[in-house]
Amino acid sequence: MEWDKVAAEEFARLPLSKSVKENARLFAEKMARKSRRNRVILEDVDVARKVAYGNVSEEKRQRQLDERVARGETDLRLRMEVEGREILKQETNLFKVVTCTGQATGCRNLLIETEELKEEIEQKLRELKVTEMMADLHRDDEPILAHHRFNVSISGCPVGCTAPEIRSFGVHGVAKPKITDAECSECYACVDVCWKGAISIRDGGPRISKTLCDLCGFCMKACPTGTIVPERQGYRVLVGGRSGRFSQAGVQLFRNADRQTLMAVIEAAVKTIKEEADGYEDLTWVVNRIGVGPIFQRMHYKKEGA
Ligand code: SF4
Ligand code: SF4
Ligand code: SF4
């Protein structure tokens, strides 16, 4: 989105904190889109300013700034202006992809690479213009806030350190165990590491309960004989979770999906918000109201790994 010089200068001077200003920029650009322009003009900045100020007037804000300058923050206005110019140069998004620290710390439970996946998902969300979508769905008389975002939570294994189960879009790395013909030494290492109690040794070999197993991969890493090996590593995909006051667990869409399926679900979830959200409902609100069926309906290719 282009900015008129005079609009950019006015925006840079707005007496707003960095995070509020970042969202005010998105608000001004939304107003330009609403007027079918690809250029932000002063009028858009004025609307963004009014909404960002809320009940606190320009005079009161300027008075507060004067007091801060008098108390020693002599470069305050200049700092805000520089910050404002930087905000116009940088990328500000209304989506966030969070990963666990497993890859960075060499966590022994890690089943998938997470950093490359994060980048791929972020790129997909950019292509889908999620920031513009979230801003445009938002009301025109309320500031965009930090929680008005499309959030993706990725954990490298079912331990789930980023809590994907209670996020609007959650992903776990998973690995399905396979029992091979390799002779079992009955060492019970697999039984010992299986926190889900899914393994028993019978007739000289392991038995795995499909109901109890959550695809954590611990047993295959512990097995010294190759009797249990990974059959397929992939992604558990959940949608519709939420933390906080109205917390709820998400719904599992896929137990062990491949990468293509994961990316297709993300695209379908975004389309579902775009076409079904009532106002600025997030994915969880939409799923609560209409279920997960519309997400599957928007997946335009053969589903695998369900
Ligand atoms: S989610 Fe799993 S891989 Fe990631 S840090 Fe936690 S235990 Fe390690
Ligand atoms: S993958 Fe994890 S939960 Fe499943 S059987 Fe192995 S250790 Fe147990
Ligand atoms: S860890 Fe491997 S060798 Fe040991 S009991 Fe389990 S399947 Fe058998």
Side-chain angles (χ1 to χ4, degrees), residues 96-122 151-243 247 249-259 261-263 265-266 304-306:
K96 189 167 187 183
V97 183
V98 173
T99 61
C100 71
T101 57
Q103 192 163 330
T105 59
C107 177
R108 63 183 177 172
N109 299 333
L110 191 73
L111 293 171
I112 53 168
E113 60 71 31
T114 53
E115 295 314 306
E116 193 188 302
L117 176 63
K118 176 179 190 277
E119 281 175 26
E120 189 177 335
I121 292 176
E122 286 173 341
N151 289 310
V152 178
S153 166
I154 303 170
S155 280
C157 80
V159 173
C161 294
T162 58
E165 308 80 7
I166 52 165
R167 307 296 175 209
S168 59
F169 196 104
V171 179
H172 285 151
V174 291
K176 185 179 177 190
K178 176 182 163 187
I179 298 172
T180 69
D181 293 335
E183 192 177 344
C184 169
S185 65
E186 299 187 33
C187 68
Y188 289 91
C190 55
V191 175
D192 187 49
V193 296
C194 182
W195 296 359
K196 301 293 282 188
I199 308 182
S200 55
I201 305 298
R202 270 184 279 155
D203 303 325
R207 299 284 181 276
I208 297 177
S209 161
K210 284 184 182 166
T211 318
L212 294 175
C213 173
D214 71 355
L215 314 180
C216 74
F218 289 9
C219 55
M220 51 201 87
K221 289 177 184 169
C223 179
T225 58
T227 310
I228 304 179
V229 294
E231 181 180 344
R232 175 172 144 154
Q233 284 179 236
Y235 310 91
R236 173 178 295 128
V237 185
L238 307 115
V239 298
R242 184 194 286 145
S243 60
S247 61
V251 178
Q252 180 177 290
L253 297 188
F254 290 92
R255 187 164 187 253
N256 189 358
D258 59 20
R259 184 84 152 224
T261 305
L262 169 62
M263 300 312 288
V265 188
I266 289 175
E304 292 175 23

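Order of appearance sets the numbers: ligands from 1, and atoms from 1 within every ligand. Since this is a predicted model, take the numbers as computed values, not measurements.
- Protein heavy atom closest to atom 2 (Fe) of ligand 3, with residue, atom name and distance, is C223 SG, 2.4 Å.
- A donor-acceptor contact under 3.5 angstrom links the side chains of T162 and S155, judged on distance only.
- Atom 3 (S) of ligand 3 has as its closest protein heavy atom T225 OG1, 3.2 Å.
- Which parts of ligand 1 touch G160 is read off a 4.0 Å heavy-atom cut-off, strictly below it: atoms 1 (S).
- Between G226 and T180, the shortest heavy-atom contact is O-OG1, 2.7 Å.
- L215 has its side chain within reach of R255: a pair of non-hydrogen atoms, C-beta onward, lies under 4.5 Å apart.
- Scanning the protein for heavy atoms near atom 4 (Fe) of ligand 3, the closest one is C187 SG, 2.3 Å.
- Although no hydrogens or angles enter the test, the distance criterion places a donor-acceptor pair under 3.5 Å between the side chain of T227 and the main chain of A182.
- When side chains are defined from C-beta on, R167 counts as touching S243, because their heavy atoms get closer than 4.5 Å.
- Under a 4.0 Å criterion applied to the non-hydrogen atoms of I201, ligand 3 contributes the atoms 5 (S).
- Take a cut-off of 2.8 Å around atom 8 (Fe) of ligand 1: the protein N, O or S atoms inside it are C107 SG.
- For ligand 3, the atoms sitting less than 4.0 Å from at least one non-hydrogen atom of C184 are 3 (S), 5 (S), 7 (S), 8 (Fe), numbered in the order shown with element in parentheses.
- Contact annotation: the side chain of P177 never approaches that of V229 to less than 4.5 Å [non-hydrogen atoms, C-beta and beyond].
- For residues 188-209, every residue pair satisfying the salt bridge (charged side-chain N to carboxylate O under 4.0 Å, His left out) rule, not counting sequence neighbours, is listed here: D203-R207.
- For the pair S200 and V191, the minimum side-chain heavy-atom distance is 4.5 Å or more.
- Counting protein heavy atoms only, atom 5 (S) of ligand 3 is closest to Y188 N, 3.3 Å.
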Just list the side-chain donor-acceptor pairs under 3.5 Å for residues 101-120, sequence neighbours left out, or say none.
from : atom 1 : to   : atom 2 : distance (Å)
Q103 : OE1    : T114 : N      : 2.5
Q103 : OE1    : T114 : OG1    : 3.1
Q103 : OE1    : E115 : N      : 3.1
T105 : OG1    : T101 : O      : 2.8
E113 : OE1    : E116 : N      : 2.9
E113 : OE1    : L117 : N      : 3.2
E113 : OE2    : R259 : NH1    : 2.9
E113 : OE2    : R259 : NH2    : 3.3
E115 : OE2    : T99  : OG1    : 3.0
K118 : NZ     : E122 : OE2    : 3.0
E120 : OE1    : R259 : NE     : 3.0
E120 : OE1    : R259 : NH2    : 2.8

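- When every heavy atom of L262 is checked against every heavy atom of F169, the shortest pair comes out as CD1-CE2, 4.2 Å.
- For the atom pair CH2 of W195 and CZ of F218, the computed distance is 4.5 Å after rounding to the nearest 0.5 Å.
- Using a 4.5 Å heavy-atom threshold, the side chains of C194 and C219 count as separate.
- Each protein N/O/S atom under 2.8 Å from atom 6 (Fe) of ligand 2 was counted, for a total of 1.
- Contact annotation: the side chain of V171 never approaches that of P164 to less than 4.5 Å [non-hydrogen atoms, C-beta and beyond].
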